[in-house]
A.B. asks: 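Would you mind keeping the following structure in view while I ask a few things?
These figures come from a predicted structure and were not determined experimentally.
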Amino acid sequence: MRELLLNAWSGWLQFTSGGKLAALLLLSLIFLWLGGKWKKEPVLYSYTVSAALCCIVPVTAAALMLYQTKFYDYEWIWSLVPMTAVTAWAAVEFLCLQRHKFESGRRREALSVSVLLLAVLVLCSGPGSSVYDRRQERQDRLRAQEVMTLLAEQGSGPFCLWAPREILEHARELDPSVELLYGRNMWDISLNSYLYDTYSEDLQDLYLWMENTDETGLAVGKDPEGRKVILQGEDCINKAVSAGANCIILPERMNSESVEELAEALGGSARRLEHYYLLTR
């Protein structure tokens with residue numbers, strides 16, 4: 001129970017860190033209550049208040065998370081709350097008040113307040129949205145484009161690619177014919193929201209090794225029981241080949257000696273790229 005409460009509280013903090021629509025919803029509820037507008041849709045208003053409180057209070061939020069199973073994150077319990085509908089309802093009621101002011105001759109005040117409302121809506125948008133580095137995103141895409149262009153020039157496909165995530169994120173976008181050992185839903189769990197199939201333990205180990213390997217080809221992982229294990233590069237190469245990989249991109253932080261050893265284990269050759277190593281069979 002303590003774990004569920006902690007997850008509910010941390011989920012609330014994460015949910016409100018990317019956007020302020022939850023706060024905007026509470027403001028809308030207060031506005032509808034003070035203005036008496038809630039009487040137009042009392043059932044919707046009462047349900048929204050009750051559902052929002054259940055999502056905010058850690059005890060009831062933990063109960064909802066337990067009901068929806070651990071497969072879903074905290075953010076999903078907010079699907080019970082009609083946030084968009086009620087916020088839009090409050091915005092319309094507020095704009096109607098400004099229209100009356102406009103018609104009565106208080107046009108400057110009405111326009112100023114309406115523009116302010118639109119600014120608030122824009123600034124409060126994006127609940128749970130993650131902040132990412134656009135410059136790094138462009139750089140990763142350029143690197144992926146260089147790698148995929150090189151593979152296309154070799155012309156020895158079809159390729160089943162195993163590579164760092166920044167390559168896999170753009171590989172199918174640049175070349176739809178390439179196959180991947182795993183896709184973005186390996187690291188972006190939200191993409192698995194409506195799926196109950198998960199990657200095998202071996203593929204999860206391959207992802208962990210690829211993203212955390214040191215210069216010698218070793219990476220630290222955890223077994224299903226949470227115990228620390230050491231992932232060996234050669235073992236991961238063999239697992240990747242068994243899974244169907246015939247083209248492997250290794251990060252440049254690995255030293256050339258370790259890369260040559262892995263190429264021998266693969267039974268192929270290694271080639272130094274600008275930012276990666278290319279292993280092919």
Side-chain angles (χ1 to χ4, degrees), residues 14 18-19 73 75 125-195 197-215 217 219 221 231 233 236-256 258-259 262-263 266 268-281:
Q14 182 179 0
D73 295 328
E75 289 83 357
S125 63
S129 61
S130 58
V131 179
Y132 66 95
D133 189 340
R134 294 183 181 273
R135 181 178 300 177
Q136 184 64 45
E137 176 76 10
R138 289 194 296 268
Q139 184 180 15
D140 290 343
R141 193 180 189 282
L142 288 175
R143 290 185 177 183
Q145 189 171 14
E146 293 174 0
V147 171
M148 299 310 298
T149 300
L150 177 61
L151 294 181
E153 291 175 353
Q154 289 190 352
S156 56
F159 293 109
C160 183
L161 182 64
W162 178 37
R165 58 182 289 181
E166 66 268 17
I167 301 297
L168 298 181
E169 280 186 334
H170 304 285
R172 293 294 299 272
E173 173 189 351
L174 298 169
D175 185 359
S177 66
V178 69
E179 297 181 10
L180 309 178
L181 279 190
Y182 46 78
R184 289 182 56 190
N185 59 330
M186 173 67 81
W187 56 85
D188 190 351
I189 306 300
S190 63
L191 298 178
N192 289 322
S193 300
Y194 298 101
L195 299 175
D197 293 334
T198 57
Y199 285 109
S200 66
E201 182 181 343
D202 285 345
L203 288 180
Q204 294 181 39
D205 286 344
L206 292 181
Y207 169 73
L208 184 62
W209 181 86
M210 180 62 75
E211 302 305 319
N212 298 278
T213 182
D214 60 16
E215 65 276 4
L231 299 176
C236 290
I237 289 292
N238 292 330
K239 288 181 180 180
V241 172
S242 299
N246 58 9
C247 180
I248 300 174
I249 307 295
L250 299 178
E252 63 178 342
R253 62 178 174 272
M254 294 187 63
N255 58 47
S256 57
S258 300
V259 173
L262 295 180
L266 179 65
S269 59
R271 177 180 176 181
R272 183 69 165 91
L273 306 180
E274 184 175 357
H275 301 286
Y276 303 95
Y277 294 97
L278 170 63
L279 271 63
T280 54
R281 302 185 66 184

A.B. asks: If we only count heavy atoms from C-beta on, is the Val259 to Arg272 side-chain gap below 4.5 Å?
C.D. replies: no
A.B. asks: Answer whether the closest heavy-atom distance between the side chains of Pro158 and Asn246 falls below 4.5 Å.
C.D. replies: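 The answer is no; the side chains never approach within 4.5 Å.
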A.B. asks: Less than 4.5 Å apart, side chain to side chain, heavy atoms only: is that true for Tyr207 and Arg165?
C.D. replies: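 Yes, close enough: below the 4.5 Å cut-off.
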A.B. asks: Quick one: closest heavy-atom pair of Ala240 and Leu181, and the distance?
C.D. replies: CB-CD1, 4.0 Å
A.B. asks: Can you tell me how far apart CG (Leu180) and CD (Glu169) are? Round to the nearest 0.5 Å.
C.D. replies: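 One finds 11.5 Å between CG of Leu180 and CD of Glu169.
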A.B. asks: Verify whether one side chain among Glu146 and Tyr276 offers a donor that lies under 3.5 Å from an acceptor in the other.
C.D. replies: no
A.B. asks: Can you see which heavy atom on Glu215 is nearest to which on Ser258, and at what distance?
C.D. replies: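 Between these two residues, the closest heavy atoms are O-OG, 3.2 Å.
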A.B. asks: Does Gly183 offer a backbone N or O that forms a donor-acceptor pair with the side chain of Tyr199 under 3.5 Å?
C.D. replies: yes
A.B. asks: Would you say that Gln145 contacts His170 through its side chain, given a criterion of any heavy-atom pair below 4.5 Å between the two side chains?
C.D. replies: no
A.B. asks: Working to the nearest 0.5 Å, report the span between CG of Asp140 and CZ of Arg138.
C.D. replies: 11.0 Å
A.B. asks: For Ala243 and Leu203, work out which heavy atoms get closest and say how close.
C.D. replies: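 Heavy atoms of Ala243 and Leu203 come nearest at CB-CD2, 4.3 Å.
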A.B. asks: Got a second to check how far Leu279's CG is from Leu250's CG, nearest 0.5 Å?
C.D. replies: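 It is 5.0 Å, given to the nearest 0.5 Å.
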A.B. asks: Can you confirm whether Leu174 sits close enough to Arg141 that some side-chain heavy atom of one is under 4.5 Å from a side-chain heavy atom of the other?
C.D. replies: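 Yes, side chains in contact.
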A.B. asks: Decide yes or no for Ile237 and Trp162: does some side-chain heavy atom of the first lie under 4.5 Å from some side-chain heavy atom of the second?
C.D. replies: yes
A.B. asks: Just how far is it from atom CD of Glu252 to atom CZ of Arg143, taken to the nearest 0.5 Å?
C.D. replies: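 That separation rounds to 6.0 Å.
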A.B. asks: Let me see the working for Met254 and Asp214 under side chain to side chain contact (heavy atoms under 4.5 Å, CB included), right down to the final yes or no.
C.D. replies: CA-CA 6 Å; Met254 294 187 63; Asp214 60 16; over 6 Å; no
A.B. asks: Within the 4.5 Å heavy-atom criterion, are Val178 and Leu151 side-chain neighbours or not?
C.D. replies: no
A.B. asks: As an exercise, state the distance from CZ of Phe159 to CG of Asp175, rounded to the nearest 0.5 Å.
C.D. replies: 9.0 Å
A.B. asks: Is there side-chain contact between Leu168 and Trp187, with at least one heavy-atom pair below 4.5 Å?
C.D. replies: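 Of all side-chain heavy-atom pairs linking Trp187 with Leu168, at least one is under 4.5 Å.
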A.B. asks: Could you report the tightest heavy-atom contact between Ala144 and Glu166, atom names first, then the distance?
C.D. replies: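 Answer, listing the atom of Ala144 first, then Glu166: CB-O, 4.0 Å.
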A.B. asks: Indicate the atoms forming the closest heavy-atom contact of Met210 with Ile248, along with that distance.
C.D. replies: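 Minimum heavy-atom contact is CE-CG2, 4.4 Å.
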A.B. asks: CZ of Arg271: more than 12 outside heavy atoms within 6.0 angstrom?
C.D. replies: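 Check fails, neighbour count at 12 or below.
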A.B. asks: Please name the pair of heavy atoms, one in Gly217 and one in Thr213, separated by the smallest distance, quoted to 0.1 Å.
C.D. replies: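 Here Gly217 and Thr213 meet closest at CA-OG1, 3.2 Å.
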A.B. asks: Working to the nearest 0.5 angstrom, can you tell me the gap between Leu150 CG and Glu274 CD?
C.D. replies: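 So the CG of Leu150 and the CD of Glu274 are separated by 11.5 Å.
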